[in-house]
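All remarks here apply to the structure that follows.
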Amino acid sequence: MCDQEGHELFQQAFTERIASLGKTHSLLTEVRWRALTLRELVCPELEPYDHAGGKRNQILRATG
């Protein structure tokens, strides 16, 4: 992998992580920081990393 590809991959992952944190913060703001289920909190956080066709989130949905 060349430096340019590594930089682009890092930038994409970093951007997705920031977007994920923003979604979680918005979710907490919508419910005025009241209790959420673990699934409600974790699924949006894992979304940027779920490159396996949604299998991670499918497992979380099935278990809770």
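None of these values were measured; they are calculated from a predicted model. Just so it is clear, the values below take in all heavy atoms, side chains as well, and ignore hydrogens, waters and symmetry mates.
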For this session: Under the side chain to side chain donor-acceptor pair (under 3.5 Å) rule, collect the residues that match up with Thr37, sequence neighbours excluded.
Result: Glu40

Problem set entry | Counterpart residues, side chain to side chain donor-acceptor pair (under 3.5 Å), relative to Ser20 (two or more places apart) | Glu45

For this session: Report yes if the side chains of Gln4 and Glu8 come closer than 4.5 Å at any heavy-atom pair, otherwise no.
Result: yes

Exercise. Side chain to side chain donor-acceptor pair (under 3.5 Å) with Gln11: which residues, sequence neighbours excluded?
Worked result: none

Seminar exercise, completed: Rounded to the nearest 0.5 Å, the CG atom of Leu27 sits from the NE2 atom of His25 at a distance of 11.0 Å

For this session: Output the distance between atom CD (Glu5) and atom CG (Leu9), rounded to the nearest 0.5 Å.
Result: 7.0 Å

